[in-house]
Amino acid sequence: MDISYNWLRDLVETDLTADEVAAELTRVGLAVEGIHAHGCDLVFDIDLTSNRPDCLSHLGVAREIAVNQDLEIATGSSDAVADAAPNLVSIVHPELCYRFTARIIRNVKIGPSPQWLVDRLEAIGERSINNVADITNYVMHELGQPMHSFDLDKLTDNRIVVRRAKAGETIQTLDDVERKLDESMLVICDAEKPAAIGGIMGGLDSSITESTVNVLLEVAYFDRANIRSTSRKLNLATEASYRFERGVDIENLIRASNRAAKLTQELAGGTLGEFINVYPTKSTPKTVESPDISAAVQRLTGLTIETNECVRILSALGIMPVDRSQIPNLRSQIFVSPSWRHDIAIEEDLVEEIARHAGYENIAAELPPVFGAGEYQPNEPREKRLRRVLADMGFDEALSYSFIDTRHDEIFETVPNLVDSDLTEQFITLQDAVIDGAVRMRPSILPGLLDAVRLNLNHQRRDIKLFELGKVFAAAAGEDSPPKEQKLLAIALIGGEIRQNKAISERDLDFYDAKGSIEAALAAVSVDNVSFIPAVVRHLRQGQAARIQVDGRDVGSVGRLNDDLATTYKFRQSIFVAEIDLQTVLSIEQAPLAYRPLSIYPGIVRDISFVVGRNVSFDDIRDSVAEMNFALCRSTTYVDIYEGKGLAEGERSLTIRLEYRSDERTLVEQEVEDVHSQIVVGVGKKLGISYRV
Amino acid sequence: MSEERNSVEAIKVAFETEFAKFSGIDLEAASLNEAELLLHEISELKILHTGKKSPIAGAMKLIGRIPPEERGSFGQFVQVVERGIVEAIGAVENGLRSRISLLKIELESLDVTIPGRRPRTGHLHPITILRQKIEDIFVSMGYAIEDDREIETDYYNFDALNIPEGHPARESQDTFYTTEGFALRSQTSTVQIRAMERRGVPLRILAPGRVFRRDTPDMTHTPMFHQLEGLCVDKGITMAHLKGTVTEWLKRMYGPDTVTRFRPSYFPFTEPSAEFDFSCFKCAGSGVFQGERCRPCKGSGWIELGGSGMVHPNVLRACGVDPTIYSGFAFGFGLERMTALMYSIDDIRHMFENDVRFLEQFS
Ligand SMILES: [Zn+2]
């Protein structure tokens, strides 16, 4: 909001320079964002908070300046000066129009405004139209009261009826738009039809034109909530509606009307005619009780301010103490909020008024007393480590929007136990989106990550590893149940294994890179007992997809993105993704760490290669070895897998290493040989596979 | 005796003939290949002309045929010849060896400026880095970190925060709603309510998290961002504690010379309310950096960071806390904005594009 320095000084005779005024206004909560020159004037750009509609005028801002300088405000007369004209105005719906004043001014001459008025308006960014229109605008910016001038001769019967619109009624507003009205809206009518939408915009037919001779000046007060709802319904916000819906000063109407009338007389040469003031809906001034205002200030701000000074500040703001001698036995102080303040309701509001004028800069800075030990969120230490380990493995952390396009719904399989397939509506949908199509609260992080991969490929980045930790959403069963929110970990990787500062990659990434990253990530959060089971997963390519289990519970999947999806995203290289329900994983109780004493006897290892088809896995072999339960056989580890020359199509040679050790003695070759051959033969028989010597 | 001497002479001559090609070699000019070949040849020569089976070792056996009175001088003569052979070979061998090792050192010298064999490490998102840093500071000051639901009811998003129906902040059209009528939380103040309900008072919490507002993405807005809110409720808490806490935190973030400024403001859930600024970390509050108008603070010397105030009594009451006994302060700000200010990021949308060229600048 723009406020003119010269205009301000018309209202309050301050000695402060413009810079000092700006500093003072900022100090008391009217943040001055900048000062710019306009002719020989200076203009403040004030960022006003929504609770202070009383400062949407030079008068309001002048009041704030006056408080600490003990200055008087040049207010102008509030006396009603003309003859009453009881038949001029009737208010049919006083619950929407609390007060209405009308002033007739005859024989005006519509013409250009004088330069000083043009300058004033232009300084605050307003455009001059004609003298009568400019005067109403000028008085609004000076006193905060919006008003409207009608061409009296265009009002049927020359009178005003304030009522709700009738269903189906319409009005052509000043902006030349035909508006459909309904019964919730308040209209200012002549004897027949609407002439203005109350407090929002006038009608075109009754507006001031160059040929206007007689003017009816409306200055009124409307119900705030009704102005807001009409303004929303019509999608029509004006300077007037902006002020009326926030609240203007109902006791300021006559002063504003007088000021406008006087200016019209001066600048448009009219003669003042009848005046009427209809005030059917009076409200009692709001009072605030304060047992001890000085103590309240101390309690909330730590400032020590004597009661007298508290009362002085409040009074300077128009918040007047009630004379206690009038009320016997009253121990509290009662303050009456002025008619222009709509934000003073409780003692804390008074404290703020006092504190901001006494100065927040005078509040001390001290730490609260010691309370207890701080704490992170329960999973934060593990999540922190998880992030670090993934980053150390070359993954960059992504953060993507929580809302995605609905087209991903049937394409990506969600983590287990998130989506309830019994529900007709399984996902969470927004009523509307600000990014096109993104109305789905994401049930999977993967679409976001894949978009990020696509963006990076577009920027000539070939080797990409990304991870994200974040919530996904799904509908929950039960009436009114809030949606499910579950924290997941997702990764995506494409391209080659790269080194820092090396232009080309070492080798192409594959399934085992994705799996290994998940294994490392889970190990980082002390989760072991993880298994990977071949599976069919909707978004993954068959044969390169696995379900991830922790302690036998399904928690997610890992694998290569299927060809259809890869084509959709125009990925030319294989891309691998994994998504796991981190929240569930972290909730699984971990066995306490158990120390194993170090063996003092050496172990002996034997490698053996089995020839396997696609139907026998490393896990099958490892499990078979374990089932045979030889005490000396301590571990089965993977060595390598080979296919090609020397093997039939579809066959692979899978080499494993068995470690033999005793805790009691050094093993001799022969006993290892015995056990080893039993194992080799046993596994071969059990799985129907041969071995290579 | 002369016969024997002659045969020794013959041995010497024979050696010298074979050795001749080595005596003239220019070690400085020999390539590694040549030197290694020569070394090989000289070791063969060495095997032939020294050791027990060499002619000169055989010559010693002739001593039996020498009259005893001449044996001494004959023996000496053989020794001289033998030493001559050994030394000649040794000298060449040593020369070749040092030449070879010199050449090898040269040959095997590395370009130590080639990048080390270092796996490429990834990067945490700047929002994570900043959040963790701030969490560390507040945990050390006794705060508990809290988070809660991102999809909320109107009660937690508005009513409990003293934003009743009809309040402009509620009708300002910037809250996302699900088709079921739930609100995406538009501020992490919702966590204040849930934490007070769960933990009771007194308490000190810090709530970082995602929030959502219906802003179309542009340079300074995204429909999702991260907020961080602090809340301290206890007996006797005043705005002085608010100032002290925020100032202490910012000093730990930006150095001990950091100063703060509190300006009156308005938020529905606090009364009195204040916005807080801190002295610019780049220009130390001068507004000028390297002779030019400082960018983060736009030359004002102050960074406007967030909102704060004393918790509104209606909010305390909504959480079952008696405002005549307890008081509290709250403060909050946006992590994206703070990150953008710290690194002069001109387009806040980069935060959610996940462009690796952006991400890898932070660690
Ligand atoms: Zn600066």
Side-chain angles (χ1 to χ4, degrees), chain A residues 26 28-29 31 49-51 225 300-302 348-349 351-352 355-356 360 363-368 370-377 380 387 390-392 394-402 428-431 434-435 452 455-456 459 461 464-466 471 473 482-483 485 498-502, chain B residues 115 117-125 127-128 138-145 147 149-151 166 168 176-179 182 202 204 210 214-216 223-224 232 234 237-241 243-245 247-248 262-266 271-272 274 310 313 327 352-357 359-360:
Chain A
T26 300
V28 300
T49 54
S50 66
N51 62 326
L300 285 169
T301 69
E348 283 78 0
D349 296 325
V351 170
E352 182 174 74
R356 67 190 180 89
Y360 281 11
I363 297 174
E366 52 193 57
L367 287 174
V370 172
F371 169 65
E375 54 186 279
Y376 293 93
Q377 287 182 74
E380 178 63 15
R387 282 190 163 91
L390 283 166
D392 287 348
F395 286 84
D396 290 311
E397 184 181 18
L399 286 178
S400 20
Y401 286 122
S402 299
I428 302 300
T429 314
L430 296 177
Q431 288 176 5
V434 296
I435 300 171
L455 174 122
N456 282 290
H459 293 148
R461 180 73 72 150
I464 303 157
K465 287 178 171 182
L466 293 173
K471 280 185 173 176
F473 307 87
E485 299 184 0
I498 50 171
R499 285 213 225 122
Q500 204 85 34
N501 306 323
K502 190 175 174 189
Chain B
R117 197 168 288 115
R118 168 185 166 200
R120 183 212 179 248
T121 39
H123 306 81
L124 299 189
H125 197 282
I127 295 295
T128 300
F138 277 95
V139 166
S140 78
M141 293 202 279
Y143 281 68
I145 313 298
D147 194 6
R149 301 193 54 82
E150 290 177 8
I151 303 182
F176 281 108
Y177 280 97
T178 72
T179 49
F182 290 100
R204 291 158 180 43
R210 285 187 179 199
R214 288 193 43 205
D215 290 320
T216 307
M224 176 186 99
C232 166
D234 208 335
I237 296 296
T238 72
M239 280 182 94
H241 297 128
K243 275 180 94 170
T245 302
T247 306
E248 177 68 19
F262 284 71
R263 290 175 290 110
S265 189
Y266 168 72
E271 190 71 37
M310 299 302 291
S327 55
F352 304 116
E353 280 169 354
N354 303 317
D355 189 325
V356 174
R357 296 170 304 168
L359 296 173
E360 66 189 358

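Values below: all heavy atoms of this structure, side chains included; hydrogens, waters and symmetry mates excluded. Numbers restart at 1 for each chain; the letters A, B, ... are given by sequence-line order, proteins then strands.
- Looking at residues two or more places apart in sequence or on another chain, you find a ring pair (Phe, Tyr, Trp, His ring centres under 6.0 Å) between B:F176 and A:F403.
- Residues B:D215 and A:V434 come closest through the heavy atom pair O-CG2, 3.5 Å.
- Both the backbone and the side chain of B:E150 come within less than 4.5 Å of a heavy atom in chain A.
- A salt bridge between A:D396 and B:R357 is absent, with no side-chain N of the basic residue lying under 4.0 Å from a carboxylate O of the acidic one.
- By the 4.5 Å heavy-atom criterion applied to side chains, A:F473 and B:I151 are counted as neighbours.
- Heavy atoms closer than 4.5 Å to chain A are found in both the backbone and the side chain of B:P264.
- Put simply, the side chain of A:R499 never gets that close to the backbone of B:R117: no donor and acceptor are under 3.5 Å apart.
- Panel note: side chain A:N456, backbone B:N354; a donor-acceptor pair is recorded below 3.5 Å.
- Counting heavy atoms from C-beta outward, A:E397 and B:L359 have side chains that stay 4.5 Å or more apart.
- With sequence neighbours excluded, the residues satisfying ring pair (Phe, Tyr, Trp, His ring centres under 6.0 Å) with B:Y143 are B:F138.
- The contact between B:P119 and chain A is made entirely by backbone atoms, counting heavy-atom distances below 4.5 Å.
- Nearest approach of A:Y376 to B:I145, heavy atoms of both residues: CA-CG1, 3.9 Å.
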Using the rule given for side chain to side chain contact (heavy atoms under 4.5 Å, CB included), can you reason through B:T245 versus A:L367, listing the C-alpha separation, both sets of side-chain angles and the distance that settles it, and then say yes or no?
CA-CA 6 Å; B:T245 302; A:L367 287 174; 4.1 Å; yes

Could you walk me through whether B:R210 and A:L399 pass the side chain to side chain contact (heavy atoms under 4.5 Å, CB included) test, one step at a time?
CA-CA 10 Å; B:R210 285 187 179 199; A:L399 286 178; 3.8 Å; yes

